[in-house]
Engineer: 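Here you go, one structure.
The figures that follow rest on heavy atoms only: side chains count, while hydrogens, waters and symmetry mates do not. Quantities reported herein were computed from a predicted structural model and do not represent experimental measurements. Ligands are counted one by one from 1 in listed order, and the atoms in each one are counted from 1 as well. Along the sequence shown, the residues carry numbers beginning at 1.
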Amino acid sequence: MGKKRFYITSPLYYVNADPHIGHAYTEIACDCIARYERMKGKEVFFLTGTDEHGQKILRSAEDNGKAPIDFVDSVVPKFKDLWKGLSISYDDFIRTTEKRHVDTVQKVLATLYKKGDIYQDEYKGFYCTPCETFWPKMQLEDGLCPDCKHKVEEISETNYFFKLSKYQDWLKNYIKETPGFISPGFRRNEVLGYLEEPLNDLCISRPNTRLSWGINIPFAQDHVTYVWFDALINYISGCGWGSDDKKFKECWPCDFHVIGKDILRPHAVYWPIMLHALGVELPKTIFAHGWWMMGGSKMSKSKGNVIDPFEIIEKYGQNAFRYFLLREVTFGLDGTFSEEVFITRFNGDLANDLGNLLNRTLTMVEKYFDGVVPEEGDMDEQDKALDDKLKGLPAKIDKFLPELNFNQSLISVWEVINIANKHIEVSKPWQLAKENKIERLKALMHILLKVLSYSALYIYPFMPGCSLEMIKQLGLDIKEKDITFDRLRSGLLKPGTKINKGSPIFPRIDSN
Ligand code: MSP
């Protein structure tokens with residue numbers, strides 16, 4: 001058997017509409033972690049994809065005058081284009097309409113049915129089409145769906161049910177005994193809260209007289225599978241459960257399911273019970289992040305308040321976009337997106353702090369040393385303080401990133417960048433040059449180049465494109481595949497090599 005891979009998943013995005021920044025957020029976060037784990041030398045399996053069945057998608061296909069499969073085929077490339085535009089390094093992209101997924105869903109259904117965990121019953125309830133959810137009467141709010149406040153339809157029909165209730169106590173105990181399973185902690189408490197109420201069995205079928213766009217249930221040809229039951233299974237169909245044992249053993253248990261807080265219940269209640277009933281180990285961590293809001297409410301297609309990520313990339317570049325989403329809010333909490341705040345952060349952190357440090361340092365190396373990296377000189381107190389800060393950085397990143405604490409990781413990198421900028425102001429290299437204090441100047445330029453070189457590599461998971469550009473301008477002899485923490489340990493700067501100054505990496509945005 002091969003060695004255990006680091007396995008991270010994004011949710012599968014609904015293809016009823018074009019991608020927006022909420023989707024980009026989850027994907028960028030997963031990509032950052034995948035890149036960081038690769039830097040640590042891990043074999044990574046990063047799975048993403050699209051959720052293509054169900055009423056909502058069927059409606060959108062009809063609205064577009066297309067057969068459902070033609071409609072989903074036309075939307076999937078938009079997601080793939082966006083991931084390309086954001087340099088998302090996924091290893092596999094799974095579509096729920098693919099045979100490998102359909103076969104696995106049917107196998108899961110057949111196994112659970114045979115085991116007696118799926119049974120047939122009459123269903124009476126209120127159905128919310130936008131949310132694809134049945135609600136008991138007592139949970140309706142003023143007769144409307146408690147989640148999206150849309151009108152619900154009363155329905156009575158024969159369906160198949162999955163015995164969630166049988167496993168409620170087991171799940172409650174598991175969550176209590178496994179603190180890191182649901183993260184952040186306040187989300188774990190929220191799930192324990194749901195589990196205080198009796199859990200209803202989950203209706204996992206839809207009669208195909210009402211909905212035909214779904215995966216056929218192998219023991220009930222007149223029903224298709226409920227879209228959530230279908231979609232969750234991607235996490236195992238995408239890594240070989242029931243079809244490729246070697247791959248499955250290398251990947252499972254999954255290290256991280258990264259999701260938004262709106263889809264916590266299916267992930268933290270249905271999914272663990274499905275796996276447990278199948279006899280499959282549970283994932284290590286389910287992490288639920290917050291929402292990006294616009295004008296006080298969640299950004300979503302149905303509210304018509306979405307920001308088009310393609311537009312932001314076009315205007316400001318993928319690096320700044322990735323940086324902003326990961327830096328601006330603590331992962332797990334909500335944030336408000338505004339172009340004004342985006343520009344402030346761009347001009348401050350990226351143009352003034354990082355971009356300027358790179359540009360002014362390279363300009364000085366060209367001016368004072370003909371563009372050649374000087375030898376390490378005798379460090380003065382301030383050089384040493386900066387060097388110590390730099391040396392402390394990997395430990396901070398290794399503390400924060402495995403907890404998906406993106407903004408603290410970036411804040412730690414920027415602390416060093418800011419100290420380097422202050423060091424320039426205080427040490428006045430132009431003065432040193434005038435006074436011909438060449439040894440001091442050499443030492444100063446060397447430490448600044450060292451800070452920039454290490455920073456270029458540390459920011460790789462967050463802004464891979466910017467990192468590669470910095471590597472190029474600094475003249476470092478490193479290929480993308482060699483960006484690892486091992487490589488960092490063996491030193492980066494080679495005195496005597498030429499730098500390669502280019503244009504500023506983040507030119508200031510004039511917002512007027
Ligand atoms: N198809 C389901 C997930 C199935 S996973 C087996 C789904 N799709 S979705 O397209 O609606 O949402 C995908 C992800 O995008 C979710 O994690 C969701 O939280 C995230 N976001 C959608 N809008 C968002 C914001 N406005 N802000 C942040 N993320 C949000 O749910």
Engineer: Any idea which atoms of ligand 1 are less than 4.0 Å away from a heavy-atom of His20?
Structural biologist: 22 (C), 23 (N), 24 (C)
Engineer: Does a donor on one side chain and an acceptor on the other come within less than 3.5 Å for Glu52 and Thr50?
Structural biologist: yes
Engineer: Give the residue, atom name and distance (to 0.1 Å) of the protein heavy atom nearest atom 15 (O) of ligand 1.
Structural biologist: His23 CD2, 3.6 Å
Engineer: Looking only at protein heavy atoms, which one is nearest to atom 26 (N) of ligand 1, and how far off is it?
Structural biologist: Met299 O, 2.9 Å
Engineer: For ligand 1, is there an N or O atom under 3.5 Å from any N or O atom of Leu232?
Structural biologist: no
Engineer: Are the side chain of Asp31 and the backbone of Ser89 linked by a donor-acceptor contact shorter than 3.5 Å?
Structural biologist: yes
Engineer: Hey, does Trp291 come in under 3.5 Å of ligand 1, counting only N/O atoms on both sides?
Structural biologist: no
Engineer: Consider every N or O of Trp292 and every N or O of ligand 1, then say whether any pair is closer than 3.5 Å.
Structural biologist: yes
Engineer: So, Thr104 versus Ser237: side-chain donor-acceptor pair below 3.5 Å or not?
Structural biologist: no
Engineer: Check whether any side-chain N or O of His23 sits under 3.5 Å from a backbone N or O of Tyr14 as a donor-acceptor pair, and report yes or no.
Structural biologist: no
Engineer: Mark up the atoms of ligand 1 that fall under 4.0 Å of a heavy atom belonging to His289, in ascending order.
Structural biologist: 28 (C), 29 (N)
Engineer: Between the side chains of Thr26 and His289, is a donor N or O closer than 3.5 angstrom to an acceptor N or O?
Structural biologist: yes
Engineer: Counting each atom of ligand 1 from 1 as listed, which ones have a heavy atom of His267 under 4.0 Å away?
Structural biologist: 5 (S)
Engineer: Measure from the ring center of Phe6 to the ring center of Phe46 and say whether it is less than 6.0 Å.
Structural biologist: no
Engineer: Can you report which non-hydrogen protein atom sits closest to atom 8 (N) of ligand 1, along with the distance?
Structural biologist: Tyr14 CD1, 3.3 Å
Engineer: Check for me whether Lys284 meets the cation-pi criterion with Phe256, that is, NZ or CZ under 6.0 Å from the six-membered ring centre and within 45 degrees of the ring axis.
Structural biologist: no
Engineer: Could you check which of Pro19, Gly260, Gly54, Gly22 puts a non-hydrogen atom nearest to atom 24 (C) of ligand 1?
Structural biologist: Gly22
Engineer: Among all the protein's non-hydrogen atoms, which is closest to atom 16 (C) of ligand 1, and how far away is it?
Structural biologist: Ile263 CD1, 3.7 Å
Engineer: Which ligand 1 atoms are under 4.0 Å away from a heavy-atom of Ala231?
Structural biologist: 6 (C)
Engineer: Identify the protein heavy atom lying closest to atom 2 (C) of ligand 1, giving its residue, its atom name and the separation to 0.1 Å.
Structural biologist: Leu12 O, 3.4 Å
Engineer: What do you reckon, are the aromatic ring centroids of Phe229 and Tyr270 less than 6.0 Å apart?
Structural biologist: no
Engineer: Short N/O distance, under 3.5 Å, between Asp51 and ligand 1?
Structural biologist: yes
Engineer: Of all the atoms in ligand 1, which lie at a distance below 4.0 Å from a heavy atom belonging to Asp262?
Structural biologist: 18 (C), 19 (O)
Engineer: Looking at Phe462, does the NZ or CZ of Arg35 lie under 6.0 angstrom from its six-membered ring centre and within 45 degrees of the ring axis?
Structural biologist: no
Engineer: Would you tell me whether Tyr13 and His20 have side-chain atoms, one donor and one acceptor, within less than 3.5 Å of each other?
Structural biologist: no
Engineer: Suppose we measure from atom 13 (C) of ligand 1 to each protein heavy atom; which comes out shortest, and what is that distance?
Structural biologist: Tyr13 CD2, 3.5 Å
Engineer: For Lys115, I'd like to know if atom NZ has over 12 heavy atoms of other residues, nucleotides or ligands within 6.0 Å.
Structural biologist: yes
Engineer: Please identify which atoms of ligand 1 are closer than 4.0 Å to at least one heavy atom of Gly290.
Structural biologist: 28 (C)
